[in-house]
Each structure stands twice: as C-alpha cells, then as structure tokens.
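As the structure is a prediction and not an experimental result, all values here were calculated from the model. Numbers restart at 1 for each chain; the letters A, B, ... are given by sequence-line order, proteins then strands. Basis for what follows: all heavy atoms, side chains included, without hydrogens, waters or symmetry-related copies.
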2 protein chains.
Amino acid sequence: MYTLRHDVNVMFEGVIFMDKRMRIGELAKRAGVTQRTIRHYESIGLMPPGEREGKGQHYYTEESIERLRKIDQLKKLGLSLDEMREVVQLYFIDPSGVQSKRKALDILRQHLAEANQKLNEIQQFRGEIQSLIEHFERWFEKREGG
Amino acid sequence: MYTLRHDVNVMFEGVIFMDKRMRIGELAKRAGVTQRTIRHYESIGLMPPGEREGKGQHYYTEESIERLRKIDQLKKLGLSLDEMREVVQLYFIDPSGVQSKRKALDILRQHLAEANQKLNEIQQFRGEIQSLIEHFERWFEKREGG
DNA sequence: ACCAAACATTACGTTTGCGTAATACGTTAA
DNA sequence: TTAACGTATTACGCAAACGTAATGTTTGGT
C-alpha cells in the first residue's frame, strides 16, 4: 500500500522537472479568484472538478488556470456563466467528431458577431465621451486660457 | 380652482404643436422598458421622478426617454446601475459651477480610459475567436474541400 | 503518531435588478 | 357620474454569483 506524494520529481538528462501538484488554494491564488468561486464553477459544470483519488482532495493543472482566466475574460464581455459554458468547452475540449466541430464553428461565428456588435457599441460610447470631454475643455480654454 | 389637462395644444403660425404630457405607461413603451424598471431607477436615484402636482401621477418628458436609453447603453457596457449614476448625471445635468465642470472632466476622462481598456479586451477576444474559427475551417478544407 | 494547515461539504446569507401581485387612488371617455 | 383603465405604493419573490460560517476530513511536517 503506497502513499500519495504531493509533488513528483522527474530526472531527465540531468534536469529536474518538478511537477508540483496544485491544490485548490494555489489554483485560486494563481488565477486570482476565490476557492468558493472555483467550487461554484465546478458545481455548475463550468469547470471540471480536479482529479482526485477517491474522496480525497482535488488536484489541478496549469490548464485549470487558463480556464479560469478565460472565464474571467468572458465575464468581462458580459457573458453569464451559463452563456459561456459552450464557448469555454470549445477552448479546452478537443471535439473529436465532425458533428461537434461543425457546431463549434457555428457557436464561434455567433460569438464573433456578438463581439463585433459590442465593439461598435463601445466605439460609439467612446465617441460620445470624447466629444463631451472636448466640449468641457473648450469651455475651460475660453475662460482660463489665453 | 382649475383642473389639470392631460394634453396641451399650442397654435403657432398655422401649425399645431401638440405637447402631450407623457405618463409612465407611454414612457415605458417608448423607451422599451417596464414601468417597474423606471420606478426602480427613480427609487435608487438614477432617474429623477417625473413632475407631479401633489400626490398625483408623474409626467415625463422626451429627455426621460433619452435618459433611459443612455442607461441601457451603459448597461450594455457592463456598468452597474450604481456605477453609472455619475455618468448619467453628466449627460443630463448642466453643471453650472466651475468646480462641478472640473469634476465632470475627471469622471469623463476616467470613463474614457475604461472604454479604451474594454476595447482592447474585446479586440483580443475577437482575435482569439477568429483564429479558432480559421483553425476549424482549415480542418474542414483538408477533409472535404478539393 | 500527532498537530496545525489546508481542504471538503453543507447550508444559509447577501447583493443586484428587477418581476409580480395586492390594494388603493387618479384619470378619462361615454 | 360612473365604469374601465392607468397609476402609486407597498411588499414579497426570484435568479445569478458568489460570501461566509460551521463542521468534519486530509495532508504535510516534526
């Protein structure tokens, strides 16, 4: 009966690769989220639960970090956790069937369109702000400037 | 003792200007929101409550519509109702003092920076989606295309 | 083997942004 | 004036996205 080691060292041609297995605390820190957030994402199927032996603790990989970052990015774009589920899958699951690849393309094109839409909205907003700013600046120039 | 008229007609050089006083139902329809939404905005100080005589009903103007539209726009940009309060003021209040004009400029510049930030994020996202799409398209070309 | 940290699980709490009655007036067209 | 409909006010409801205990189990170090 052997015990689980927390970190594994591999020697290869004189170089030591230390593959420290990451637990939820480190994952949370490195991804800039709370443990609760991670567990929440796991509970709603947005993140796969980290690997574990039986009923023990969960261990995560670097990919888990990227996944959390991607989720964060999508949140900034205004997607709800529910809405982003599909897209996140596309980034981290290799769809093996032709069918799923077609579906992936559809979803991606749709999200591309939405992104373009959002770009327009923001650009318009920025334009409005800029002219407001210029308006104020001219006002100050007239009063204070020489 | 006179009664309140719901609509007022003004004749000027043969043209009739009908200045129908708008109540919350019409405002809601024309702005594309619910009455509940309007009342909610009023209750948190995001919208000024429409004018009224005593305890009667509220009457709104065209500006109320624009205000609701502006709120909608800011929501799409991801601002919370709380966050957008200041900006909305800037659009619809004429700051009379120099002090408030300076503050307005500050806020506007800050929001301009945030808008630029958001633009970058979305552009990056769009880039990622595009390369994913191209990846899938190449895959299909190799399999099906001639 | 033992203890302090870190983790797992469960469950109730919180904020935001309204929805949805319920009840009581106000307004208008007939 | 009176029925019918639009409003005002109050209050409870709800989904999303976690926060915050509380309690029990694992793990890593000595």
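Between the side chain of A/R36 and the base of D/dT20, a donor-acceptor pair under 3.5 Å is found.
Minimum interatomic distance between B/G25 and B/Q35 (heavy atoms only, all atoms of both residues): CA-NE2, 3.5 Å. The two residues A/Y60 and A/G50 make their nearest non-hydrogen contact at CE2-N, 3.5 Å.
Put simply, the residue from B/E83, B/K76, B/K75 that forms a side chain to side chain contact (heavy atoms under 4.5 Å, CB included) with B/L79 is B/E83. Among the candidates A/L68, A/V33, A/V88, the single residue satisfying the side chain to side chain contact (heavy atoms under 4.5 Å, CB included) test with A/Y41 is A/L68.
Atom CD of B/Q123 and atom NZ of A/K118 lie 14.0 Å apart (nearest 0.5 Å).
No side-chain donor-acceptor contact under 3.5 Å links B/E134 and B/Q130.
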Working for side-chain contact (heavy atoms from CB on, under 4.5 Å), residues A/M22 and A/I65 | CA-CA 10 Å; A/M22 184 172 27; A/I65 300 182; 4.1 Å; yes
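The stretch residues 37-45 of chain A touches DNA chain D through A/T37, A/H40, A/Y41, each having a heavy atom within less than 4.0 Å of the strand. Applying a 4.0 Å cut-off to non-hydrogen atoms, the residues of residues 75-85 of chain A that approach DNA chain D are A/K75, A/S80, A/L81, listed by residue number.
Scanning for side chain to side chain donor-acceptor pair (under 3.5 Å) contacts around A/R36 gives an empty result, with sequence neighbours left out.
Put simply, A/T34 has a side-chain N or O that comes within less than 4.0 Å of OP1 or OP2 on D/dG19.
In the set C/dA6, D/dT9, D/dT7, the nucleotide with an atom closest to the side chain of A/Q57 is C/dA6.
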